[in-house]
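These notes concern the structure reproduced below.
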Amino acid sequence: MKLYMVSLGPGDHELITIKALKALKDSDAICIPTKSTNNSFEKSMTYKIVKELMEEFGFDKPIIPMYTPMKFKQEDWQRQVDTILDSFESYEKLSFVTLGDSAVYSTVYYLLDIIKEQKNEVYEKCEVIPGVTSFSSASAKVKKPLCVGDSSFLIRPLHKSKVPFTTVYMRPKIGMNTEKVKEKNSIYTFENLNFQGEQVLDYKKKSVDKYMTLFIDFYEPK
Ligand SMILES: C[S@@+](CC[C@H](N)C(=O)[O-])C[C@H]1O[C@@H](n2cnc3c(N)ncnc32)[C@H](O)[C@@H]1O
């Protein structure tokens, strides 16, 4: 059993990663969310991207519709999880697809929380594949950076004003003491990510050894 949580990027199928494309090709079937009660994909951007990829890269996989009313209800996520888990009766490897990047306001983590609790072996073998966000794409379109030099940037949901947040700390100085990074939630250290000597630590390193270090203080629901 293998589950890929595949980020599809911001709508242009050419903005998918090679890793995401390989995951889709490696899957026996692809689970695609749809807001239509009749499981149609007429208005689905995710379906359009997957179809374009299949066409351009010459592969064809069965599509499993996942009814997703976007009402943020536990029962809706549970139904999607049930669809995924039931599909493992027929298929060995599955992909679930999401727009943009899975790390940003995506269904992926609602589903993974349930899967972790109800079928831990699927959770353990699951791979989350990151993607290009809508705001990275927007920034590139107008040739304006999201942050540069001494600036930073915020992502703020419009449906609510006061919300807890995750903080990403970047651009440390080698040798700096991290005492002034005051963690609020659950902080991780990422060093040389995806390069030789990669380290992922579920705590804040006391001092910075590498310029390629970032800290993420992840918001975690209590
Ligand atoms: C549920 S969030 C998903 C975000 C997505 N995971 C990402 O990485 O960008 C949906 C919101 O992202 C923004 N969004 C996503 N795709 C977009 C696009 N192609 N154009 C404009 N905004 C987009 C809109 O603000 C939309 O309400």
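Counting starts at 1 for both ligands and their atoms, in listed order. The basis for the numbers below is simple: all heavy atoms, side chains too, and nothing from hydrogens, waters or symmetry mates. Quick note: residue numbers are just sequence positions, from 1.
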Problem - K48 with E52: basic N within carboxylate O range, under 4.0 Å - result: yes

Problem - N or O contact, D101 vs ligand 1, cut-off under 3.5 Å - result: yes

Practice task
Evaluate side-chain hydrogen bond (donor to acceptor under 3.5 Å, both in side chains) for D217 paired with Y188, printing each intermediate quantity in order.
Solution key: CA-CA 6 Å; D217 192 2; Y188 280 66; over 6 Å; no

Fill in the blank from the handout: Of all protein heavy atoms, the one nearest atom 19 (N) of ligand 1 is P10 O, 3.3 Å

Exercise for the section: Taking atom 27 (O) of ligand 1 as the reference point, report whether a protein heavy atom occurs under 4.0 Å from it. Expected result: no

Practice task
Take atom 21 (C) of ligand 1 and look for protein heavy atoms under 4.0 Å from it; say yes if you find one, no if not.
Solution key: no

Fill in the blank from the handout: of all protein heavy atoms, closest to atom 9 (O) of ligand 1 is S134 OG, 2.6 Å

Problem - Polar contact flag, side-chain donor to acceptor under 3.5 angstrom, T34-S44 - result: no

Practice task
Please indicate whether any nitrogen or oxygen in M45 is less than 3.5 Å from any nitrogen or oxygen in ligand 1.
Solution key: no

Practice task
Could you say whether the N/O atoms of V104 and ligand 1 ever approach to under 3.5 Å?
Solution key: yes

Problem - Pair E191 + K205: basic N to acidic O under 4.0 Å - result: yes

Handout entry: Contact with ligand 1 for G11, non-hydrogen, under 4.0 angstrom
Key = no

Problem - Structural part of L99 in contact with ligand 1, heavy atom criterion under 4.0 angstrom - result: backbone

Problem - Donor-acceptor pair, side chain of S106 and main chain of A103, under 3.5 angstrom - result: no

Practice task
Output yes when K2 and E92 qualify as a salt bridge under the 4.0 Å nitrogen-oxygen rule, no when they do not.
Solution key: no

Problem - Verify atom 11 (C) of ligand 1: protein non-hydrogen atom under 4.0 angstrom away - result: no

Practice task
Any atoms of ligand 1 less than 4.0 Å from a non-hydrogen atom of Y105? List them with their elements.
Solution key: 1 (C), 2 (S), 3 (C)

Practice task
Take atom 3 (C) of ligand 1 and look for protein heavy atoms under 4.0 Å from it; say yes if you find one, no if not.
Solution key: yes

Completion exercise
Distance col, row T83:OG1 vs I64:CD1, nearest 0.5 angstrom, shows 8.5 Å

Exercise for the section: For the residue pair F218 and F190, categorise the inter-ring angle as parallel (less than 30°), tilted (30 to 60°) or perpendicular (more than 60°). Expected result: perpendicular

